[in-house]
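Accompanying notes for the structure given below.
Lettering follows sequence order; numbering is per chain, from 1. All values derive from a computational prediction rather than experimental measurement.
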Amino acid sequence: MPELPEVETVRRGLQPAMEGAAILSVETRRPDLRFALPLDISSRLAGQRIVSLGRRAKYLLVTAQDGTVLICHLGMSGSFRVEEGGAGATPGLFHYERSKDTAHDHVLFHLEGSDGRRARVVYNDPRRFGFMLFAAADGSHPMLDGLGVEPTGNALDGALLASLLAGRKTPLKAALLDQSLIAGLGNIYVSEALWRAGLSPRRAAGSIVTAAGGPTPRTERLAAAVRSVIADAIAAGGSSLRDYMHADGSLGYFQHAFSVYDREGEPCRKPGCGGHVGRIVQSGRSTFFCAACQR
DNA sequence: ACATAGACCTGTTGGC
DNA sequence: TGCCAACAGGTCTATG
């Protein structure tokens, strides 16, 4: 599922159950996801309280009281769900809601909240492209090093975007997907941002900055478009394709607000445009755009 | 540096 | 209905 807005939605959904809770144990039902799970995942975390659940780009960061940081990535199909001990549950006996797809429940965090209620947070991932790894003692990890700017907030302005794209001949689509430039965009939101900015995904990235590497109106439009599409998607609770659910079982609704993604053949939604949404493949992945208004 | 293809996996979808 | 190819929100590696 997850690009930045979906990961942020997951984080917000898990936060109430995880922050402040004590980890009783971590149950792994297979030895690996994309990478081998840490052999000591349970022994390093059991008995500790979770002090924060953070996010960097598409990574979730679980910080325990001794400073240990567990880095989680959801890959393409990873999801978390929270299962509360049912009302009236006695200690040690729980009535967890039955879930449809438990075949791919791979990692279970057994928790005890500060109120003494037990819950479990279950990681499910059919394709197993996700992973969990411990950061180094200082919180760093090679997977986090080299990540670019977050597209949230106002850090990504025209001047910064211009400096990132200057001199690059690679298509805008590829540049925006490059996590070392902007961290958190994925295939959906790149298409959406380029449509909002009225820019072709095929245009050379460096072609929207000045010779000196400064911003142009196109750069400003793209920076604003990236920020707005990410902000709008987070506000909508992310996108729920294929009924992809939140941790509490609810659905995001940004998919209804897609302007071009997965809308091949539909009329362009830009008022007065008259064009149609097309689909091309760039570096092996679908790009949706309107050739009439995206130049 | 950069473009492309392939790899990792399973599940869903659309065409015949 | 069945079968099979194509495709899926990510990212790392190899190869030109």
Give a yes or no on whether a salt bridge exists between A:Asp125 and A:Arg34, defined as a side-chain N under 4.0 angstrom from a carboxylate O.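 Here A:Asp125 does not pair with A:Arg34 in a salt bridge, since their nearest N and O are not under 4.0 Å apart.
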Does A:Arg120 come within less than 4.0 Å of A:Asp105, counting only side-chain N to carboxylate O? no
Counting only heavy atoms from other residues, nucleotides and ligands, does the tally under 6.0 Å from CZ of A:Arg295 exceed 12? no
Can you label the angle between the A:Phe258 ring and the A:Tyr189 ring as parallel, tilted or perpendicular, going by 30° and 60°? perpendicular
For [N], does OP1 or OP2 lie under 4.0 Å from any side-chain N or O of [X]?
X	N	value
A:Lys58	C:dT11	yes
A:Arg279	C:dC7	yes
A:Arg285	C:dG9	yes
A:His104	B:dT10	no
A:Ser286	C:dC7	no

Decide salt bridge (charged side-chain N to carboxylate O under 4.0 Å, His left out) for A:Glu8 and A:Arg12; before the verdict, give the C-alpha distance in whole Å, the side-chain angles of both, and the deciding distance to 0.1 Å. CA-CA 6 Å; A:Glu8 176 61 19; A:Arg12 293 178 185 184; 2.7 Å; yes
How close or far is atom [atom2] of [N] from atom [atom1] of [X], stated in whole angstroms?
X	N	atom1	atom2	value
A:Glu3	C:dG10	CD	C1'	9 Å
A:Tyr189	C:dG10	OH	P	10 Å
A:Gln179	C:dG9	CD	P	14 Å
A:His106	B:dT10	NE2	C1'	9 Å
A:Lys173	C:dG10	NZ	C1'	12 Å
A:Asp145	C:dC12	CG	P	12 Å
A:Glu264	C:dC7	CD	P	10 Å
A:Phe131	C:dT11	CZ	P	8 Å

Would you be so kind as to tabulate the donor-acceptor pairs closer than 3.5 Å made by side chains of residues 265-278 of chain A, with sequence neighbours excluded?
unit_1   : atom_1 : unit_2   : atom_2 : d
A:Glu266 : OE1    : A:Arg263 : NH1    : 3.2
A:His276 : ND1    : A:Gly265 : O      : 3.4

Expressed as a whole number of Å, how far does the [atom1] atom of [N] sit from that of [M]?
N	M	atom1	answer
B:dA3	C:dG9	C1'	23 Å
B:dA5	C:dC7	P	13 Å
C:dT1	B:dT10	C1'	23 Å

With the side chain counted from C-beta on, respond yes when A:Ile71 and A:Leu61 share a heavy-atom pair under 4.5 Å apart, and no when they do not. yes
Just to verify, what does A:Ser180 make a side chain to side chain donor-acceptor pair (under 3.5 Å) with, not counting sequence neighbours?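 Checked A:Ser180 against side chain to side chain donor-acceptor pair (under 3.5 Å); matches are A:Asp178.
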Listed partners of A:Ser283 passing side chain to side chain donor-acceptor pair (under 3.5 Å), at least two apart: none
Hits for ring-ring contact (aromatic ring centres under 6.0 Å, His included) against A:Phe289, two or more places apart or cross-chain, chain-then-number order -> none
Considering every strand and a 4.0 Å limit on heavy-atom distances, what is the contact class for A:Pro5: base, sugar-phosphate, or nothing? nothing
Might you list the N or O atoms of the protein lying below 3.5 Å from N or O atoms in nucleotides 5-9 of chain B, with each pair's distance?
unit_1 : atom_1 : unit_2   : atom_2 : d
B:dC9  : O3'    : A:Arg128 : NH2    : 3.4
B:dC9  : O2     : A:Arg127 : NE     : 2.8
B:dC9  : N3     : A:Arg127 : NH2    : 3.3

Look at the side chain of A:Arg168 and decide which nucleotide, out of B:dA3, C:dG9, B:dC2, has an atom nearest to it.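 Looking only at heavy atoms from C-beta outward on A:Arg168, the closest nucleotide is B:dC2.
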Which nucleotide wins on minimum distance to the side chain of A:Thr170, given the candidates C:dA8, C:dG10, B:dA3?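 Looking only at side-chain atoms, A:Thr170 lies closest to B:dA3.
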Which string of ( ) [ ] | and . matches DNA chain B, if you list each base 5' to 3' and count Watson-Crick or G-U pairs only when both distances are under 3.5 Å? .|||||||.|||||||
